Amino acid sequence: MTRRLCAVLSAVLLTAGLAACSPENTGRVVPRAASDGLRSSPGASTPPPLRSSPGAPTPPPPTSTTTPAPGPRPAETHSGKGNSTVVTSWPMRLGFVTFDCPKCSGHVAVNTENELIVNDAGPYKGTQWINDMPDHQAKTFTVKANAAWTLTITDESALPVLAPGKTLSGKSDAVVSVPKDVSSIAVTTRGNGNTAVWVHSDDFSDLPVNQLGDYKGSVPVPGPAFVSLEGDGTWTATAS
């Protein structure tokens with residue numbers, strides 16, 4: 001049916017109390033609803049409006065389901081020498097652990113009840129996150145080392161920020177903060193036995209890169225997010 005014929009038929013249908021046609025409704029005539037202009041039949045009863053019962057309580061306003069971002073938290077620092085167990089007071093929120101053992105040799109390891117966050121050969125200095133999974137709070141660190149070390153937990157304010165167009169570089173394990181205007185980062189690593197890139201956003205961690213040797217490529221990172229660069233060599237990251 002052409003648009004012109006449909007327009008003519010619409011006038012006829014509207015006069016008869018039926019819905020106007022359209023090229024998409026060709027072949028169908030749909031009765032108009034009462035709200036479109038039809039009057040009720042004479043003598044037909046109109047249902048009374050609904051009223052609330054006397055004394056019925058007023059329902060409470062809807063509550064927000066958005067979890068507010070946690071406020072700033074002071075850094076928590078522990079130090080020791082050799083193997084040790086550390087009890088942390090860090091709450092159930094994302095934390096960033098920097099372990100520094102400049103004179104360590106041999107195997108260096110740090111683990112919580114839930115995961116192994118450091119597993120390398122000394123000397124070692126690097127940063128990893130904890131408490132990235134719901135109901136998996138880190139309460140104790142078990143340290144394996146053969147020299148003096150420092151373990152520091154901070155909130156996100158201590159992280160380097162990888163802003164759009166900016167390049168950061170470093171060595172060993174690191175975590176960077178990515179703002180909302182970033183959509184991807186270009187990552188290049190050198191001297192790595194294994195390269196891993198983790199992305200944490202909206203209470204969820206993803207592993208888009210995990211391979212033997214070095215890596216060079218683009219990683220989707222819808223900011224805001226945190227990015228963990230893991231490896232025993234050097235890395236360079238550029239945001240776009």
Side-chain angles (χ1 to χ4, degrees), residues 75-90 92-156 158-160 168-177 185 187-201 203-217 219 221 225-237:
E76 178 183 324
T77 301
H78 304 270
S79 59
K81 186 176 182 179
N83 298 339
S84 183
T85 299
V86 175
V87 177
T88 174
S89 60
W90 196 261
M92 184 54 209
R93 59 175 286 177
L94 201 62
F96 302 92
V97 179
T98 298
F99 185 76
D100 186 14
C101 191
K103 295 185 179 181
C104 273
S105 60
H107 185 214
V108 179
V110 179
N111 64 276
T112 70
E113 302 90 335
N114 308 306
E115 58 186 332
L116 180 66
I117 61 174
V118 175
N119 186 28
D120 214 319
Y124 175 86
K125 182 178 182 180
T127 301
Q128 297 281 4
W129 58 53
I130 57 170
N131 298 346
D132 61 314
M133 297 181 292
D135 302 322
H136 287 73
Q137 181 179 358
K139 299 179 180 179
T140 305
F141 296 97
T142 301
V143 177
K144 181 179 180 181
N146 60 3
W149 50 263
T150 301
L151 186 152
T152 304
I153 313 172
T154 66
D155 63 16
E156 60 275 9
L159 298 177
L168 295 176
S169 59
K171 184 179 181 180
S172 189
D173 303 330
V175 179
V176 299
S177 176
I185 62 172
V187 177
T188 301
T189 66
R190 291 185 177 87
N192 280 352
N194 184 83
T195 299
V197 179
W198 287 88
V199 178
H200 180 82
S201 178
D203 296 328
F204 178 76
S205 294
D206 188 28
L207 182 62
V209 177
N210 186 26
Q211 68 177 46
L212 293 174
D214 290 324
Y215 173 83
K216 183 176 182 180
V219 181
V221 180
F226 301 106
V227 176
S228 174
L229 302 149
E230 298 182 4
D232 50 8
T234 61
W235 56 265
T236 301

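Computed from a predicted structure; not experimentally measured. Because only heavy atoms are used, hydrogens play no part in the values below, and waters and symmetry mates are left out as well, while side chains stay in.
Checked by atom type and distance alone, the side chain of E115 never pairs as donor or acceptor with a backbone atom of A138 at under 3.5 Å. Side-chain atoms of D206 do not come within 3.5 Å of backbone N or O of V199 as any donor-acceptor pair. Proximity of a side-chain donor or acceptor of T195 to a complementary backbone N or O of G213 within less than 3.5 Å is detected. Remark: side-chain polar atoms of W198 are not paired, donor with acceptor, to backbone N or O of V227 under 3.5 angstrom. Checking side-chain atoms of D214 against main-chain N and O of G191 turns up a donor-acceptor pair under 3.5 Å.
Proximity of M133 to S205: side-chain heavy atoms (C-beta onward) are nowhere separated by under 4.5 Å. No side-chain heavy atom of K125 sits less than 4.5 Å from a side-chain heavy atom of S172. Residues W235 and L168 have side chains in contact (heavy-atom distance under 4.5 Å, counting atoms from C-beta outward). With a 4.5 Å cut-off on side-chain heavy atoms, V187 and Y215 count as touching.
L94 contributes atom CG, which lies 8.5 Å from atom CG of D203 (distance to the nearest 0.5 angstrom). Interatomic distance, D120 CG to D173 CG, rounded to the nearest 0.5 Å: 6.5 Å. Distance check: I153 CD1 to N131 CG gives 8.5 Å after rounding to the nearest 0.5 Å. For the atom pair T112 OG1 and I130 CD1, the distance stands at 7.5 Å (nearest 0.5 Å). A distance of 6.5 Å separates OG in S79 from CH2 in W149, rounded to the nearest 0.5 Å. Once rounded to the nearest 0.5 Å, the distance linking CG of L116 with OG1 of T142 reads 10.5 Å.
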Before giving the answer on side chain to side chain contact (heavy atoms under 4.5 Å, CB included), spell out for L159 and V176 the whole-Å C-alpha distance, their side-chain angles and the decisive distance to 0.1 Å. CA-CA 6 Å; L159 298 177; V176 299; over 6 Å; no
After noting the C-alpha distance and the side-chain angles of E76 and V86, does the key distance pass the side chain to side chain contact (heavy atoms under 4.5 Å, CB included) rule? CA-CA 12 Å; E76 178 183 324; V86 175; 5.7 Å; no
N/O donor to acceptor pairs below 3.5 angstrom from side-chain atoms of residues 95-111, sequence neighbours left out:
unit_1: T98; atom_1: OG1; unit_2: T127; atom_2: OG1; d: 2.7
unit_1: S105; atom_1: OG; unit_2: N146; atom_2: ND2; d: 3.0
unit_1: H107; atom_1: NE2; unit_2: N119; atom_2: OD1; d: 2.6

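Among pairs with a residue in residues 136-155, none fulfils salt bridge (charged side-chain N to carboxylate O under 4.0 Å, His left out), at least two apart in sequence or across chains. Within the structure, disulfide bond (SG atoms under 2.5 Å apart) pairs that include any residue of residues 109-150 do not occur (at least two apart or interchain).
Not a single salt bridge (charged side-chain N to carboxylate O under 4.0 Å, His left out) links R190 to another residue, sequence neighbours left out. E230 pairs by the salt bridge (charged side-chain N to carboxylate O under 4.0 Å, His left out) definition with nothing, not counting sequence neighbours. With sequence neighbours left out, the side-chain hydrogen bond (donor to acceptor under 3.5 Å, both in side chains) criterion links H136 to no other residue.
Nearest heavy atoms, N210 versus A196: OD1-CB, 4.1 Å. The heavy-atom pair separating T234 from N192 by the smallest distance is N-OD1, 4.1 Å. Heavy atoms only, all atoms of each residue included: S169 and T236 are closest at CB-OG1, 3.9 Å. The shortest heavy-atom contact between G193 and D232 is N-OD1, 3.0 Å.
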